[in-house]
Amino acid sequence: MTDAAPLHLLVVDDDDRIRGLLQKFLIRNGYLVSAVPDAARARRLLAGLDFDLIVLDVMMPGEDGIALTRALRDRGQMVPILLLTARGETENRIDGLEAGADDYLVKPFEPRELLLRINAILRRVPQPLKAPAAVSRHLALGPLRYDVDRAELWQGDQPVRLTTTEIALMRIFAARAGEVVGRDRLVAELGGEAGQASERAVDVQVTRLRRKIEADPRQPRYLQTVRGEGYRLAPD
């Protein structure tokens, strides 16, 4: 990894030993990791924090992993989700993917395989991990600047943290700055291999992104809505 901020993962597993081992293993491999034992506590964290990926156990007491995945997708949350379960039957894998999971790993598994699966999912969304270009291109957004080549948003000398989905949105809009980008195109480009994006989910993600780049998200100056067509990034 480079000097970019580490990606933040959420591990949800009711088994204390497995949860602790996964947290330590992923931290050793360069990730920032939060870990909770159930869906209720995961929901509380997700209400206040953005995560780059969730590692989610299926078989938990109370709300299980598939139900939580479905609920998050229904609310428009597009954070990548990797499901873990001891059940390997085809119908259970299908249930998880239909609920909106990005991938499915059956227990027991080698930790290295988990790491490979996580990296594969994250590669579907462009990450700001490459070395700086000799001359970086920037878009001015009032007090913010967006580094096109590094896919980074800055306010002065402080980075503005973006989720993987927000990074993907900014890449799409920056590549077509000043042009209208239709919702259907955003759905297609954000859907990836799993095809989980929807127009409603895109609208939710745009709203969240506006909170980071607009002085007044209710009256956006830079990320504009073009009624009946889509959105347009209008830098200074």
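Basis for what follows: all heavy atoms, side chains included, without hydrogens, waters or symmetry-related copies.
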Notebook entry, point to check: Side chains of Q23 and Y31: closer than 4.5 Å at any heavy-atom pair?
Noted result: no
Check: To the nearest 0.5 Å, what is the distance between OG1 (T69) and CD1 (I81)?
Finding: 4.0 Å
Note to self: Test of understanding: clusters of I, L, V, M, F, W, Y form through side-chain heavy atoms closer than 4.5 Å, transitively. Do L105 and L21 belong to the same one?
What the structure shows: no
Margin query: Rounded at 0.5 Å granularity, tell me how far CG in L144 sits from CG in L153.
Written below: 5.0 Å
Check: Does V36 offer a backbone N or O that forms a donor-acceptor pair with the side chain of R41 under 3.5 Å?
Finding: no
Checklist line | Heavy-atom neighbours of Q219 CD exceed 12 at 6.0 Å | finding: no
Note to self: Looking at every heavy atom in both M60 and D38, which two are closest together, and how far apart are they?
What the structure shows: SD-CA, 4.2 Å
Next item on the list: Please report the C-alpha distance between E63 and R43 in whole Å, then the side-chain angles of each, then the deciding distance to 0.1 Å, and finally whether the salt bridge (Lys or Arg N to Asp or Glu O under 4.0 Å) criterion is met.
Entry: CA-CA 11 Å; E63 185 178 19; R43 282 178 175 273; 2.9 Å; yes
Notebook entry, point to check: Rounded to the nearest 0.5 Å, what separation is found between the CE atom of M170 and the CG atom of L141?
Noted result: 5.5 Å
Margin query: Do F25 and L116 land in one hydrophobic cluster if side-chain heavy atoms of ILVMFWY residues count as linked below 4.5 Å?
Written below: no
Checklist line | N/O donor-acceptor pair under 3.5 Å between D236 side chain and G142 backbone | finding: yes
Margin query: Whether the side chain of E166 engages the backbone of T163 through a donor-acceptor N/O pair (distance < 3.5 Å, no angle test) should be reported.
Written below: yes
Note to self: If you apply the rule side chain to side chain contact (heavy atoms under 4.5 Å, CB included), what do you find for V58 with L84, and how did you get there?
What the structure shows: CA-CA 6 Å; V58 168; L84 305 179; over 6 Å; no
Next item on the list: For residues V202 and M78, report the shortest heavy-atom separation together with the two atoms involved.
Entry: N-SD, 4.3 Å
Notebook entry, point to check: What are the two closest non-hydrogen atoms of I66 and D64, and how far apart are they?
Noted result: N-OD1, 3.2 Å
Item checked: Aromatic plane relationship, Y231 with F173 - under 30° parallel, 30 to 60° tilted, over 60° perpendicular -> perpendicular
Item checked: Backbone N/O of L139 and side chain of R145: donor-acceptor pair under 3.5 Å -> no
Item checked: Note, P80 side chain near F51 side chain (heavy atom, < 4.5 Å) -> no
Checklist line | side chain to side chain contact (heavy atoms under 4.5 Å, CB included) evaluation trace for L82 with I118 | finding: CA-CA 7 Å; L82 172 62; I118 289 172; 3.9 Å; yes
Next item on the list: Identify the heavy atoms of D15 and R17 that sit nearest to each other, and give their distance.
Entry: OD1-N, 3.0 Å
Next item on the list: Would you kindly say whether R210 and T225 are connected by a side-chain donor-acceptor distance under 3.5 Å?
Entry: yes
Check: Do the side chain of D52 and the main chain of H8 share a donor and acceptor less than 3.5 angstrom apart?
Finding: yes
Notebook entry, point to check: Is there a side-chain contact between L72 and L46, using heavy atoms and a 4.5 Å cut-off?
Noted result: yes
Next item on the list: Quick one: do D57 and K107 satisfy side chain to side chain contact (heavy atoms under 4.5 Å, CB included)? Show the steps, please.
Entry: CA-CA 10 Å; D57 187 37; K107 297 177 181 178; 3.0 Å; yes
Item checked: pair L122-L53: side-chain heavy atoms closer than 4.5 Å -> yes
Check: What about L83 and V79, same hydrophobic cluster or not, with Ile/Leu/Val/Met/Phe/Trp/Tyr joined at side-chain heavy-atom distances under 4.5 Å?
Finding: yes
Margin query: Treating R117 as the side-chain partner and Y104 as the backbone partner, does any N or O pair qualify as donor plus acceptor under 3.5 Å?
Written below: yes
Check: Between the main-chain N or O of Q77 and the side-chain N or O of R73, is there a donor-acceptor pair closer than 3.5 Å?
Finding: yes
Margin query: Tell me the closest heavy-atom pair linking L97 and A101, and the distance in Å.
Written below: CD2-O, 3.6 Å
Checklist line | Single-linkage hydrophobic cluster W154~L233, side-chain heavy atoms < 4.5 angstrom | finding: no
Next item on the list: Give a yes or no answer on whether the side chain of E214 reaches the backbone of L223 with a donor-acceptor pair at less than 3.5 Å.
Entry: yes
Checklist line | Residues R183, D203: salt bridge by 4.0 Å N-O rule | finding: yes
Item checked: K24 side chain reached by R19 side chain, heavy atoms, under 4.5 Å -> no
Check: By salt bridge (Lys or Arg N to Asp or Glu O under 4.0 Å), which residues pair with D14, not counting sequence neighbours?
Finding: none
Notebook entry, point to check: Nearest 0.5 Å, what's the CG-CG distance between L10 and L26?
Noted result: 11.0 Å
Margin query: Test of understanding: clusters of I, L, V, M, F, W, Y form through side-chain heavy atoms closer than 4.5 Å, transitively. Do L209 and V204 belong to the same one?
Written below: no
Notebook entry, point to check: Of all heavy-atom pairs between R176 and V181, which one has the smallest distance, and what is that distance?
Noted result: CD-CG2, 3.8 Å
Next item on the list: Working to the nearest 0.5 Å, report the span between CG of L49 and CZ of R44.
Entry: 13.0 Å
Notebook entry, point to check: Atom CG in L7, atom CD1 in I167: separation rounded to 0.5 Å?
Noted result: 7.0 Å
Check: Can I172 and L186 be said to form a side chain to side chain contact (heavy atoms under 4.5 Å, CB included), step by step?
Finding: CA-CA 8 Å; I172 295 167; L186 292 171; 3.7 Å; yes
Notebook entry, point to check: How about V12 and I54: do any of their side-chain heavy atoms sit closer than 4.5 Å?
Noted result: yes
